[in-house]
Amino acid sequence: DVQLVESGGGLVHPGGSLRLSCVASGFTFSRYAMSWFREGSGKKLECIAGINSGGKSTYYSDSVKGRFTVSRDNAKNTMYLELTNLKPEDTALYSCAKADNTWVPEEAFRGDFLSFGAWGQGTQVTVS
């Protein structure tokens, strides 16, 4: 079975940093693009970052560009999200998801999440 397990969330002060991890199993990780999503209280689910299967191309939403960095280690079946200069509005449940192809579906950044076939349970990030 496909499994995605996130970790690394926590409580951090404004301006602080965190590193989230997403460990994948049950599929050939290196063949699929991956993305990070978040959903804050009372807010819509938002795609904030994506990385293609090889790790060479990355994409970000305007809300996190310049502050968050997505990366992956295909040898470890793990994707990461480095969060820096955190703001209270970054408080949310952060989840990772597996895309259906090697490339990041750009429509995800417009709210269309149909191209993602598996999701993790999420890790909470609270900035206060």
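Predicted model, so just to flag it, every value in this text is computed and none were measured.
Closest heavy-atom contact between Pro105 and Ala99: CD-CB, 4.0 Å. In terms of heavy-atom proximity, Asn74 sits nearest to Ser30 at ND2-CB, 3.6 Å. Taking every heavy atom of both residues into account, Thr69 and Tyr60 meet most closely at CA-OH, 3.4 Å. In terms of heavy-atom proximity, Leu4 sits nearest to Ala24 at CD2-CB, 3.6 Å. Nearest heavy-atom pair across Ala118 and Val2 is CB-CG1, 3.5 Å. Across every non-hydrogen atom of Ser35 and Val104, the tightest pair is OG-CG1, 3.9 Å.
Side-chain atoms of Asn85 never come within 3.5 Å of backbone atoms of Arg67 as a donor-acceptor pair (strictly under, hydrogens ignored). When atom types are taken as modelled, the side chain of Glu6 and the backbone of Cys96 share a donor-acceptor pair closer than 3.5 angstrom. In this structure a side-chain-to-backbone donor-acceptor pair under 3.5 Å is present from Asp112 to Leu114. Looking at Asn77, its side chain never comes within 3.5 Å of a backbone N or O of Phe27 through a donor-acceptor pair.
Residues Met79 and Phe68 fall within the same hydrophobic cluster, defined by Ile, Leu, Val, Met, Phe, Trp and Tyr side chains chained together at heavy-atom separations under 4.5 Å. The cluster map of Ile, Leu, Val, Met, Phe, Trp and Tyr, joined by side-chain heavy atoms under 4.5 Å apart, puts Tyr94 and Tyr59 in different clusters. Clustering ILVMFWY residues whenever any of their side-chain heavy atoms sit less than 4.5 angstrom apart, transitively, puts Val70 in the very cluster that holds Phe29. Met34 and Phe109 fall into different hydrophobic clusters, defined by Ile, Leu, Val, Met, Phe, Trp and Tyr side-chain heavy atoms under 4.5 Å apart, directly or through other members.
Taking OG of Ser21 as the start and CZ of Arg72 as the end, the distance is 13.5 Å to the nearest 0.5 Å. Between Leu83 atom CG and Arg19 atom CZ the span is 11.5 Å, to the nearest 0.5 Å. With values rounded to the nearest 0.5 angstrom, Asn101 atom CG is found 9.5 Å from Ser53 atom OG. The CD atom of Glu39 sits 10.5 Å away from the CD atom of Glu46 when rounded to the nearest 0.5 Å. The CH2 atom of Trp36 sits 8.0 Å away from the CD1 atom of Ile48 when rounded to the nearest 0.5 Å. For the atom pair OG1 (Thr91) and CG (Leu11), the distance works out to 8.5 Å, reported to the nearest 0.5 Å.
Other residues, nucleotides and ligands contribute only 12 or fewer heavy atoms inside 6.0 Å of the CD atom of Gln121. Within 6.0 Å of atom CD in Glu106, 12 or fewer heavy atoms from other residues, nucleotides or ligands are found, so the atom counts as exposed in its surroundings.
Using a 4.0 Å cut-off between a side-chain N of Lys or Arg and a carboxylate O of Asp or Glu, Lys87 and Asp90 do not qualify as a salt bridge.
Side chains of Ser128 and Thr126: a donor-acceptor N/O pair is absent below 3.5 angstrom, by distance only.
Annotation: side chain of Ser61 is not in contact with side chain of Cys47 (no heavy-atom distance under 4.5 Å). Residues Tyr80 and Asp73 are in side-chain contact: their nearest non-hydrogen atoms beyond the backbone lie under 4.5 Å apart. Two residues are said to be in side-chain contact when any heavy atoms from C-beta on lie closer than 4.5 Å; Val64 and Leu81 fail this criterion. Residues Glu82 and Ser71 have side chains not in contact (no heavy-atom distance under 4.5 Å, counting atoms from C-beta outward).
Taking the six-membered ring for Trp and thresholds of 30 and 60 degrees, Trp119 and Phe37 have ring planes inclined between 30 and 60 degrees apart.
Figure legend: Lys98 and Tyr32 shown as a cation-pi pair, the cationic atom lying under 6.0 angstrom from the six-membered ring centre and within 45 degrees of its axis.
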